[in-house]
Each structure stands twice: as C-alpha cells, then as structure tokens.
Amino acid sequence: MSKWIPKDNEVADLQTEVLAWYSRNARDLPWRHTREPYAILVSEIMLQQTRVDTVIPFYNRFLTAFPDLQALAEADEQKLLKLWEGLGYYRRARNLQKAAIEIVRKYNGNFPKDADSIRTLPGIGAYTSGAIASIAFGITIPAVDGNVLRVYARLFRIMESIDTTRTKQSIEGLAARLVSPEQPGDYNQAIMEIGALLCQKNSTKCQQCPVQKYCRAFAENLQNDLPVRTPKSKPPLKTGLAFYIENDQGEILLVKRPDDIMLGGMWELPTIVLTAKTDKNETCQRVAAFLKMSPETSCLPVVQIKHAYSHFSLSLNGFRLLRNQIRMPENGAIFELFHCDKVAWCNPDNLAEYPVHQAQRKLLEAFRSQAITPDLFDQS
C-alpha cells in the first residue's frame, strides 16, 4: 500500500471527525480559554520541549507578572529569568522578551496578524507562527510540531526519516491540505492532542482515534515502525568543577554567566567545564593556587551531580571552601578564570534575586544535604 493522498471528500470527512473528537476530548488547559495572541505566544514558547503539566503553573505565574506585551518588554531581565527558573531552556525566555520588545517598537504594541510577520519575531519558527496565526487570528495554516509529525507520518505512511528537512516540508504540504478553513486553530490543536493522547511515541490507542479509518500505518500494522527517525549518537559527557565558597557570615559566592553564552544571565557557583585538553587534577590545583589557598585549607568532601542537556550531559564535581581560608583575587581575575561578568555574595537560603539554572540548583541542594561522592572524578 502506498502513501495516502486524500480526496476532497475524504479531507472534509476527516476534518469533521477530528473536530468532533476534539470537542469531546480536549484537555482543559488555561491557554485554550483565550484567543489573545500574546497569551498564546507565551504558552507556545513554554511548551517547546516541555511537558504540559510542567508548563501550567509557570504559564499562570508568568501572565500574572507580565500580563501584556508592554509589561514583558519593560521587565527586568533578571526578574524574567528568575520567574523562568526551573522551566529550562532559558534562551526561550530571553527570545520571548526580545519578541515583545520588537512588537512594541515595530508594531506599536499591536501583535502582527499574518504568519509571515509573526515568523520574523525572535525565537519563532514555522510551527509557532502557524499556531499563533491559526488560533489567534483564524488563518488557515498548519502548525506542525513533533506530535503532528508523528500523527501524519503514520496517517500518510511516510517511510522516510522525519528528521530531514525534505520530509518535514513534505508533511507540512500534506498538513496544509487538511487544515479546516472554518476552524483552523481548533483543528491544529486537535491534531496535536491526538498525538499527545492517542498517537504517542511508544503507545497507540488506535481504537479511539478519529482518523483510524484513513490511517495507512494502522491498515498495515506499522504503528510501531513509524515514524522513521535518523539514529542519534549518544550525547557526550562533559565534566566540570564547581566551588562552594563560603564566607564568615555564611554567604556563598555566585557568579553571573555572560549574556552571549549558553544559559546567559543565569547565576551559578564558580564553575569550570573541562575540555579534552585540560587535566582534571591540574585544573583543580590551578584554581587552588589562584585562590591562594593556604596549606592547611581543608576541602570538605566532594559532592557530585549529573544533568542532561539537549546535546550533552554534564557531571559537576563540587568543592566546599571557607572564605577565611582563602584569599579572593580581584574581580577581573575571577571574571577571566570562571568566564563570568558579575559576582555576588548571597545567602544560600534566599536566592530570590538570583536566577539559578537547574544543574546548579541540583548542586546547591547536594551541598545542603551533604551528599558525598567518594571519588571526585567518578564517571560511573
């Protein structure tokens, strides 16, 4: 059986079935109670690579703090990042603010109403522009995310890898034929919902699916074989050294990451990520010498955490040092060694002013609980 090319009457029937199923089964999510483009933008950016249940409380808090484009455009970036703390992928928050600033400046605060203009905003691609245009403005345009790719790869029996640009464009072309011109926003959300609830990655509920009678994967029992994906290599493991430096008042030293690097604007313990050309023990000794640690200085037992990012995993090994046992260098030297642009002494139990990314939050918690790893560089 070949790839399915729907006829006009089949398209109309499929749209009816999908929309009827959605009206009965759609989850009650806060962003589905509005057609306000700003609120939809916030939800779509937050939902990128993040589970719905995780997003809901962040979405509600975000709109309370920044109820409109103007409020977000004028927001202090540190407050924005702190509010985003725990959601991950912090570049999304910064791009969201850049988009708000551009709309305020370029469009006088009026959200652009066509998909092409929406797509030019920072951090917005084809999927997000399609979602906003169809949901907020009723434009007949597809919104193809990972869930939709999976549904259509099975529905149309796409045997090529959906990771390739060519295949994605082919699916987007097929998807454009199926979008309901009367209810494009609801239709796009319905296909996403089918992917999230019925046509899942490792589980299919075909008997409940409104498009089952047209699904070529179901007809040929290929549900578990599709979609085809290009095999990915195991992400590399990087190792880092982090230093919990404590002064006489019990405050700890935090450093701020420069804006132009990954996790820019976030705060962390002074940290060095090792490269293939750096020796772990030599680096540790160099930091000790840099801090002018006296011979009697004690490094309390090491803690270790591991954290997975999208393209690599990080193993962070932490030392605990007392401020009165070391001599802190000038800020300029700290900036160079730890690749930061600001430093601050902070109460470790009250970091309300300092957005700290998730890996470092794990590390701070490990220090608080005094989880001990016997081998500083244990990679098991």
Side-chain angles (χ1 to χ4, degrees), residues 61 65 75-87 90 93 239-259 261 263-274 280-281 283-307 314-374 376:
R61 287 195 296 267
D76 176 74
E77 186 184 81
Q78 290 292 286
K79 179 181 177 182
L80 169 65
L81 293 175
K82 185 66 181 179
L83 197 62
W84 203 274
E85 185 180 279
L87 195 56
Y90 295 95
T239 300
L241 306 178
F243 298 86
Y244 188 101
I245 301 173
E246 190 175 2
N247 66 17
D248 297 339
Q249 289 74 46
E251 298 171 320
I252 59 172
L253 184 67
L254 291 184
V255 300
K256 178 177 168 290
R257 296 175 65 85
D259 290 340
I261 66 173
L263 300 171
M266 304 299 288
W267 291 77
E268 63 185 13
L269 298 174
T271 299
I272 296 177
V273 176
L274 305 178
K280 304 178 184 73
N281 293 312
T283 301
C284 190
Q285 292 168 6
R286 180 164 64 92
V287 171
F290 178 81
L291 296 176
K292 299 181 174 61
M293 291 165 56
S294 61
E296 64 273 12
T297 297
S298 61
C299 291
L300 301 184
V302 170
V303 300
Q304 182 185 68
I305 64 96
K306 291 185 179 180
H307 187 74
L314 178 64
S315 176
L316 276 178
N317 305 280
F319 289 103
R320 188 167 192 157
L321 307 173
L322 300 181
R323 172 68 173 84
N324 60 0
Q325 296 172 324
I326 60 178
R327 293 170 56 193
M328 293 298 296
E330 296 297 324
N331 281 354
I334 296 177
F335 296 162
E336 181 178 354
L337 179 65
F338 295 116
H339 198 32
C340 60
D341 60 13
K342 287 184 180 180
V343 299
W345 289 99
C346 319
N347 180 341
D349 296 320
N350 183 15
L351 300 179
E353 298 180 12
Y354 303 94
V356 179
H357 59 92
Q358 191 170 1
Q360 292 282 331
R361 289 168 64 213
K362 288 182 182 178
L363 191 63
L364 286 167
E365 183 58 35
F367 275 115
R368 290 192 187 100
S369 62
Q370 288 298 289
I372 295 177
T373 301
L376 171 59

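Here, residue 1 is the first one in the sequence, and each next residue gets the next number. Every heavy atom of this structure was used, including side-chain atoms; hydrogens, water molecules and symmetry mates were not.
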Requested in this report: Identify the heavy atoms of Ala93 and Leu80 that sit nearest to each other, and give their distance.
Outcome: O-CD2, 3.5 Å
Report task. State, without any angle test, whether Gln78 and Trp267 hold a side-chain donor-acceptor pair at a distance under 3.5 Å. Result -> yes
Query raised in the report: At what distance, to the nearest 0.5 angstrom, does NZ of Lys256 lie from SG of Cys340?
Result: 9.5 Å
Report task. Please name the pair of heavy atoms, one in Ala65 and one in Leu83, separated by the smallest distance, quoted to 0.1 Å. Result -> CB-CD2, 3.6 Å
Report summary line: Separation between CZ (Phe338) and CG (Leu254), nearest 0.5 Å, reads 12.0 Å
Query raised in the report: Can you tell me if CD on Glu77 sees more than 12 non-hydrogen neighbours from other groups inside 6.0 Å?
Result: yes
Query raised in the report: Looking at Glu268, Gln304, His307, Gln360, which hits side chain to side chain contact (heavy atoms under 4.5 Å, CB included) with Leu316?
Result: Gln360
Query raised in the report: Once you round to the nearest 0.5 Å, how far does CG of Asp349 lie from CG of Leu364?
Result: 10.0 Å
Query - Between CG on residue Leu314 and OG1 on residue Thr271, distance to nearest 0.5 Å - result: 8.5 Å
Query raised in the report: Rounded to the nearest 0.5 Å, how far apart are CG of Leu269 and CZ of Phe319?
Result: 13.0 Å
Query raised in the report: Where do Gly265 and Pro355 come nearest, in terms of heavy atoms and distance?
Result: O-CG, 4.0 Å
Query raised in the report: Rounded to the nearest 0.5 Å, what separation is found between the CD1 atom of Ile252 and the CH2 atom of Trp345?
Result: 9.0 Å
Report task. Please determine if Glu353 and Lys82 form a salt bridge, counting it only when a charged side-chain N lies under 4.0 Å from a carboxylate O. Result -> no
**Report entry** Closest non-hydrogen atom pair between Ala344 and Cys346, with its separation
**Finding:** O-SG, 3.7 Å
Query raised in the report: So do Ile334 and Pro270 actually touch side chain to side chain, heavy atoms under 4.5 Å?
Result: no
Query raised in the report: For Lys362 and Glu365, what are the C-alpha separation, side-chain angles and deciding distance, and is it a salt bridge (charged side-chain N to carboxylate O under 4.0 Å, His left out)?
Result: CA-CA 5 Å; Lys362 288 182 182 178; Glu365 183 58 35; over 6 Å; no
Requested in this report: Please examine the side chains of Val255 and His339, heavy atoms only from C-beta on, and report whether any two atoms are closer than 4.5 Å.
Outcome: no
